[in-house]
Number of protein chains: 2
Amino acid sequence: MAKENKSKYALLGLLNFVPLSGYDIKKWTDNSLRFFWSENYGHIYPLLKELEKAELVTRQKVDSEKGPSKNVFTITQKGTKEFLAWLKQNENPETYRIEILLKLFFSSKLALNEIIVKLENHIHQQEQLLSEYKEVENGFDHIKDKRIRLSAEMTMSYGFMHAEMNINWARDTIAKIKTFR
Amino acid sequence: MAKENKSKYALLGLLNFVPLSGYDIKKWTDNSLRFFWSENYGHIYPLLKELEKAELVTRQKVDSEKGPSKNVFTITQKGTKEFLAWLKQNENPETYRIEILLKLFFSSKLALNEIIVKLENHIHQQEQLLSEYKEVENGFDHIKDKRIRLSAEMTMSYGFMHAEMNINWARDTIAKIKTFR
DNA sequence: ATGTTACTCTATCATAGTGATATAGTCAAC
DNA sequence: GTTGACTATATCACTATGATAGAGTAACAT
């Protein structure tokens with residue numbers, strides 16, 4: 001059997017907050033969810049069609065304030081039920097694909113200096129992320145609902161800890177390389 | 001354009017150490033690389049065919065000590081060149097899909113208790129990983145080449161720090177939930 | 001007025017990546 | 001001599017990605 005379709009639940013989860021178009025969904029994943037979840041148009045539009053066919057969502061054509069009219073999707077009772085069932089399920093462990101680690105694993109073919117440059121670049125990227133997270137966090141003041149703010153804080157703190165861990169690891173590793181003889 | 005084929009470089013990188021069959025490659029990614037890289041038969045075999053066609057690897061039919069005969073692949077000069085070019089390149093930032101964070105983002109639909117159970121399960125999984133890492137680390141004593149041992153240690157320390165960070169995050173988050181009112 | 005730029009919205013293509021399973025050979029143990 | 005563990009190759013159905021095509025809307029400038 002094929003991989004489980006997780007995008008399906010991401011879309012249902014968002015639509016369970018508020019009706020959205022495909023374009024809106026992409027904006028959500030590019031902004032609020034980007035740090036732990038991504039989606040593509042190439043998957044969103046076909047999936048919305050399927051969800052509609054399976055009666056998990058309904059489509060309404062709506063004139064937009066700015067730009068062309070949009071197809072707004074609303075979750076059905078059946079959709080909410082399926083979403084909640086997924087939400088309660090246990091997660092399986094993730095499988096990872098971390099390119100910098102793959103390269104470090106093969107790095108005996110690189111000069112030590114080249115590895116250090118890679119790690120410094122990694123630190124820079126993670127610091128970048130950290131400052132992006134801080135900006136997103138500033139928006140949390142506007143969240144009135146306490147439970148929803150809690151949700152946002154829980155995911156955000158993961159982002160911070162993950163980026164900080166990456167920076168610490170890269171710094172430690174540079175130090176280790178510098179004492180290598 | 002489509003996503004960049006990273007499996008290609010994973011295979012070339014392994015073959016750059018030693019000639020391997022498709023089955024051997026799967027074993028490597030399931031054992032040594034599993035903590036930061038995964039591959040599937042469904043991708044390995046078609047890819048080996050392509051690499052052969054592009055003259056990045058060559059195929060030799062070899063009788064195995066045990067089991068049926070195997071197709072062993074050897075990297076060519078052209079293949080080594082392409083592998084090294086990738087190795088020297090800069091990495092782009094990763095995009096993440098972390099299911100437990102997606103669920104926590106939507107978790108205002110769950111009871112606080114249910115979230116705690118999820119986080120405890122997460123801690124358990126990460127502790128499991130940690131003990132698996134320790135076993136793999138024990139094998140490092142057999143690595144004679146200092147540079148190769150360095151490579152293994154760098155990737156392994158990431159695994160440890162990543163799992164520990166996950167455990168710390170989950171514990172902090174449970175504490176936070178318990179003070180929620 | 002028109003054209004440039006930015007944004008909104010839907011859609012599709014080619015390809016990469018996943019998980020499961022089918023098929024078949026080898027070998028040891030019971 | 002059959003069962004079960006392992007070796008090995010291959011393919012299927014599906015999910016996911018990144019890029020881009022194409023068309024409408026609107027602000028603003030020249």
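Per chain, numbering begins at 1; letters A, B, ... match sequence-line order.
Atom pair Glu50(A):CD and dT12(C):P shows a separation of 13 Å (rounding to whole Å applied). The OH atom of Tyr45(A) sits 17 Å away from the C1' atom of dA16(D) (whole-angstrom rounding).
Relative ring orientation between His162(A) and Tyr158(A) is described as parallel, the plane-to-plane angle staying below 30° on a 0-90° scale split at 30° and 60°.
Close to dA10(D), at under 4.0 Å from its OP1 or OP2, lies no side-chain N or O of Tyr41(B). Checking the phosphate oxygens (OP1, OP2) of dT8(C), a side-chain nitrogen or oxygen of Lys27(A) falls inside 4.0 Å. Asn71(A) has a side-chain polar atom (N or O) that falls below the 4.0 Å cut-off from OP1 or OP2 of dT10(C). At the phosphate of dT18(C), neither OP1 nor OP2 sits under 4.0 Å from any side-chain N or O atom of Lys26(B). Taking side-chain N and O atoms only, Ser7(A) has no distance below 4.0 Å to OP1 or OP2 of dT15(D). Contact annotation: Asn40(A) side-chain N/O to dA16(D) OP1/OP2 distance is not under 4.0 Å. Phosphate proximity of dT15(D) to Arg97(B): absent, as no side-chain N or O sits under 4.0 Å from OP1 or OP2. A sub-4.0 Å separation between OP1 or OP2 of dA8(D) and a side-chain N or O of Ser69(B) is absent. A sub-4.0 Å separation between OP1 or OP2 of dT26(C) and a side-chain N or O of Lys70(B) is absent.
Residues forming a side chain to side chain contact (heavy atoms under 4.5 Å, CB included) with Leu84(B) (at least two apart in sequence, or on another chain): Lys109(A), Thr80(B), Leu87(B).
Judged by distance alone, the side chain of Arg97(A) and the main-chain N or O of Trp37(B) form no donor-acceptor pair under 3.5 Å.
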Please lay out, stage by stage, how Asp24(A) and Lys70(A) fare under the test salt bridge (Lys or Arg N to Asp or Glu O under 4.0 Å). CA-CA 10 Å; Asp24(A) 295 333; Lys70(A) 50 164 105 176; 3.3 Å; yes

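Within residues 8-24 of chain B, the residues that place at least one heavy atom under 4.0 Å from DNA chain D are, in residue-number order, Ser21(B), Gly22(B), Tyr23(B), Asp24(B).
Judged as a salt bridge (Lys or Arg N to Asp or Glu O under 4.0 Å), the pairs with a partner in residues 6-19 of chain B (not counting sequence neighbours) are, in order, Glu99(A)-Lys6(B), Lys8(B)-Glu82(B).
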